[in-house]
Amino acid sequence: MDAILYYVHDPMCSWCWGYRPALQRLRAQLPQHIEVRFVLGGLAPDSDQPMPEEMQQMLQHTWRRIEGQLGTPFNHDFWTHCRPRRSTYPACRAVIAAELQGQGEAMTEAIQKAYYLRAMNPSDVDTHEQLAEELGLNTAKFAQDLTSEVVQALLEQQLALTAALGVSGFPSLVLEVNGQRRPVALAYQNELTTLNDISDKLRWVKTKATIAGWFSQ
């Protein structure tokens with residue numbers, strides 16, 4: 001029984017950064033017939049305005065909370081070295097532009113590390129272009145794709161898919177089997193919770209299909 005596990009995230013989502021180790025363990029244990037698809041949720045649209053002080057304080061509190069709960073490392077120098085903006089669409093487009101060269105997941109990780117460990121501004125195009133160079137991408141193509149209609153259209157498609165999946169918070173997991181989609185339990189420290197929930201949902205779909213087969217005979 002083929003299935004798709006949608007992972008809905010944002011490269012500038014601090015909880016997604018905290019979830020990264022559990023996601024890696026989860027993917028290593030998933031059955032081969034389950035395809036994992038990354039979907040960009042897009043936390044915040046384009047903006048050149050500085051992040052309001054109240055939001056900066058809230059996010060700094062969130063970082064400390066994730067550190068305390070999960071042991072996730074953060075470089076708090078970001079808040080004094082950078083001019084934060086509440087704009088994640090540029091980072092999402094950078095991921096898509098890198099994906100056009102087969103490096104979407106690598107760019108997501110690079111943006112997360114740049115933001116949370118290197119105190120680089122993840123909303124800045126200069127950051128994305130530096131990361132593209134470090135990843136060995138064709139930087140001229142990457143720079144051109146960043147502002148292309150193709151990349152913008154792909155971002156809009158992913159945002160629409162996020163809405164269709166019924167997701168409003170990140171990270172989120174949704175399992176699709178036989179065209180039916182159901183949210184999946186997401187655990188930051190124990191991937192077995194997610195694996196068990198996926199198994200339960202697959203059994204439910206299989207049982208439902210068996211019963212439907214009985215009545216169609």
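As a basis for the values below, the full set of heavy atoms in this structure was taken, side chains included, without hydrogen atoms, waters or symmetry mates.
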Between [X] and [Y], is there a shared hydrophobic cluster once you connect ILVMFWY residues whose side-chain heavy atoms come closer than 4.5 Å?
X    : Y   : result
L165 : L5  : no
L30  : F38 : yes
F170 : Y7  : no
V150 : Y89 : yes
V36  : V8  : no

Decide yes or no on side chain to side chain contact (heavy atoms under 4.5 Å, CB included) for V39 and V167, but give the supporting numbers first. CA-CA 11 Å; V39 182; V167 170; over 6 Å; no
Mind checking whether [X] and [Y] have side chains closer than 4.5 Å, heavy atoms only?
X    : Y    : value
L175 : L202 : yes
W17  : L70  : no
Q101 : L135 : no
D48  : S87  : no
Y19  : L173 : yes
M120 : Q130 : yes
L40  : T162 : no
Q157 : I96  : no

Could you measure the distance from the [atom1] atom of [X] to the [atom2] atom of [Y]? Nearest 0.5 Å is fine.
X    : Y    : atom1 : atom2 : result
L154 : E149 : CG    : CD    : 12.0 Å
F74  : Y116 : CZ    : OH    : 6.0 Å
L100 : N138 : CG    : CG    : 11.5 Å
I198 : Q29  : CD1   : CD    : 10.5 Å
Y6   : L161 : OH    : CG    : 6.0 Å
M107 : C92  : CE    : SG    : 12.5 Å

Between [X] and [Y], is there a donor-acceptor pair closer than 3.5 Å when you use the side chain of the first and the backbone of the second?
X    : Y    : result
R182 : K201 : no
N196 : L192 : yes
R118 : K113 : no
E133 : T139 : no
T88  : A44  : yes
T127 : P122 : no
D145 : A98  : no

For atom [atom1] of [X], decide whether the heavy atoms of other residues, nucleotides or ligands shown that lie under 6.0 angstrom number more than 12.
X   : atom1 : answer
E54 : CD    : no
R65 : CZ    : no
E35 : CD    : yes

With P84 as reference, evaluate M55, Q56, E53 under the side-chain contact (heavy atoms from CB on, under 4.5 Å) test and give the passing residue. Q56
Listed once per pair and sorted, the side-chain hydrogen bond (donor to acceptor under 3.5 Å, both in side chains) pairs that draw on residues 73-82, sequence neighbours left out: E67-H76
Full working for side chain to side chain contact (heavy atoms under 4.5 Å, CB included) between L59 and M51: CA-CA 10 Å; L59 287 176; M51 184 184 295; 3.6 Å; yes
Intermediate values then yes/no, side chain to side chain contact (heavy atoms under 4.5 Å, CB included), C16 and Q112: CA-CA 9 Å; C16 295; Q112 289 176 325; 4.2 Å; yes
Nearest atoms (heavy-atom pairs only) where [X] meets [Y]:
X    : Y    : answer
A185 : D197 : N-OD2, 2.7 Å
A164 : R181 : CB-NH1, 4.0 Å
S123 : R85  : O-NH2, 2.8 Å
I111 : A94  : CD1-CB, 4.1 Å
A22  : A187 : CB-O, 3.9 Å
G18  : Y188 : C-CD2, 4.4 Å

E99: which residues meet the salt bridge (charged side-chain N to carboxylate O under 4.0 Å, His left out) condition with it, sequence neighbours left out?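 Expected list: none.
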Kindly indicate, with the supporting measurements, whether the criterion side chain to side chain contact (heavy atoms under 4.5 Å, CB included) is fulfilled by H61 and M58. CA-CA 5 Å; H61 172 75; M58 182 271 291; 5.7 Å; no
Salt bridge present between R27 and E105 (N-O < 4.0 angstrom):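 Counted as a salt bridge, because a side-chain N and a carboxylate O are separated by less than 4.0 Å.
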